[in-house]
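Reviewing the structure listed below.
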Amino acid sequence: MTPSTDERFAAIRDEFGPDSLARVEEMIAPGGMPRHPLQAGAKWILPGISQKPWHDPRSDPGIASLADALEGAHASIASEHESAWRTNRTAFSDYEHYLTRQDDWQSLHLYRDGALIEDSASAAPTAYGIIEDVAVGNELICPLLESHYSTLLPGSRIAPHCDLWNFSINLHFAVDIPDDCDLTVAGETRTWEEGRCLLFDYSFEHSAQNRGTRPRTCLLVDLWHPETTIPERQALTVLVTRVRQLMGEGR
């Protein structure tokens, strides 16, 4: 914590009450929080929210509205991605995960660094519009993270890893799924169903593989865990942004 972070936290407490950030303060206290062994690689575990690897994308009304919008527009989203992939490959880039960069994992970002990527609107107008209207408009998206088309090339693999925290969760909308692709979270392997959503907690160890003969594409959206509160979301945004600034990431 820094003086500026302390000041922002104090302002949040003044607005929402003295105990509104109790769980965040417990999370960042020395020693950290107890966690599942398959969350060992995560930096922060916010206490008091459901600790389960897989979530039902229809269990929260807000997330369900996003899943419904994406699934209802699957044909357009898939067609627009196919056209962009075929004719505008420079719009895609190697995906840079905080652990690594992979040239066999390509991405087209719709949202990043706390804002929509306006240059992507013409390449993916339907998906961009849904992310703007539903995910951003309803404050479901975690501004610390992103939304992007994730295209895993044939024969590629995302190695097992834990992401940094549990207070956001990851929605996968299956855009174009060849045979022999799967996602494993906390030891349980599932396959994507084209045109449908999966939702999971990526603080648990997870990995993905494409053993097929053509690219696998999902639209990924990083969402606030629905059991986090508005003051917690404000404080977590302040905290992580400040940590990134101190680490020289400029975010």
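For clarity, every value in this text was computed on a predicted model and none was experimentally measured.
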Taking the side chain as every heavy atom from C-beta outward, state whether [X] and [Y] have any pair of such atoms under 4.5 Å apart.
X    : Y    : value
E194 : H74  : yes
H161 : I158 : yes
L171 : C197 : yes
N166 : I45  : yes

Point-to-point distance, once rounded to the nearest 0.5 Å, from [atom1] of [X] to [atom2] of [Y]:
X    : Y    : atom1 : atom2 : result
H55  : E227 : NE2   : CD    : 7.5 Å
S120 : H109 : OG    : NE2   : 9.0 Å
L220 : N170 : CG    : CG    : 4.5 Å
L236 : L239 : CG    : CG    : 6.5 Å
I49  : T229 : CD1   : OG1   : 10.5 Å

Distance only, no hydrogens: is a donor on one side chain within 3.5 Å (strictly under) of an acceptor on the other, for [X] and [Y]?
X    : Y    : answer
S150 : S107 : no
Y202 : D222 : yes
Q106 : D94  : yes
S79  : S76  : no

V185 reachable from L198 in the ILVMFWY side-chain graph, under 4.5 Å edges: yes
Quick one: side chains of residues 126-140, donor-acceptor pairs under 3.5 Å with protein atoms, not counting sequence neighbours, listed by atom name and distance.
residue, atom, partner, partner atom, Å
T126, OG1, E80, OE1, 3.2
T126, OG1, E80, OE2, 2.6
N138, ND2, V134, O, 3.3

Minimum heavy-atom distance T184-T189, with the two atoms named: OG1-OG1, 2.6 Å
Shortest non-hydrogen contact between I77 and V175, atoms and distance: CG2-CG2, 4.1 Å
What residues, two or more places apart in sequence or in another chain, satisfy side chain to side chain donor-acceptor pair (under 3.5 Å) together with [X]?
X    : value
R89  : none
D176 : R214
R23  : E232

Pair listing, ring-ring contact (aromatic ring centres under 6.0 Å, His included) test, anchored in residues 11-49, at least two apart: H36-F204
Pair R242-T5, side-chain hydrogen bond (donor to acceptor under 3.5 Å, both in side chains): steps then yes or no: CA-CA 7 Å; R242 184 57 179 149; T5 306; 4.8 Å; no
Aromatic contact, F167 with H225 (centres under 6.0 Å): no
Derivation of the salt bridge (charged side-chain N to carboxylate O under 4.0 Å, His left out) call for R13 and E25: CA-CA 12 Å; R13 289 191 206 94; E25 292 163 342; 2.4 Å; yes
Intermediate values then yes/no, salt bridge (charged side-chain N to carboxylate O under 4.0 Å, His left out), D68 and R58: CA-CA 9 Å; D68 288 343; R58 295 306 193 289; 2.8 Å; yes
For E188, all residues meeting salt bridge (Lys or Arg N to Asp or Glu O under 4.0 Å), sequence neighbours excluded: R190
Ring pair (Phe, Tyr, Trp, His ring centres under 6.0 Å) assessment of H172 paired with F200: CA-CA 8 Å; H172 276 210; F200 68 98; 5.1 Å; yes
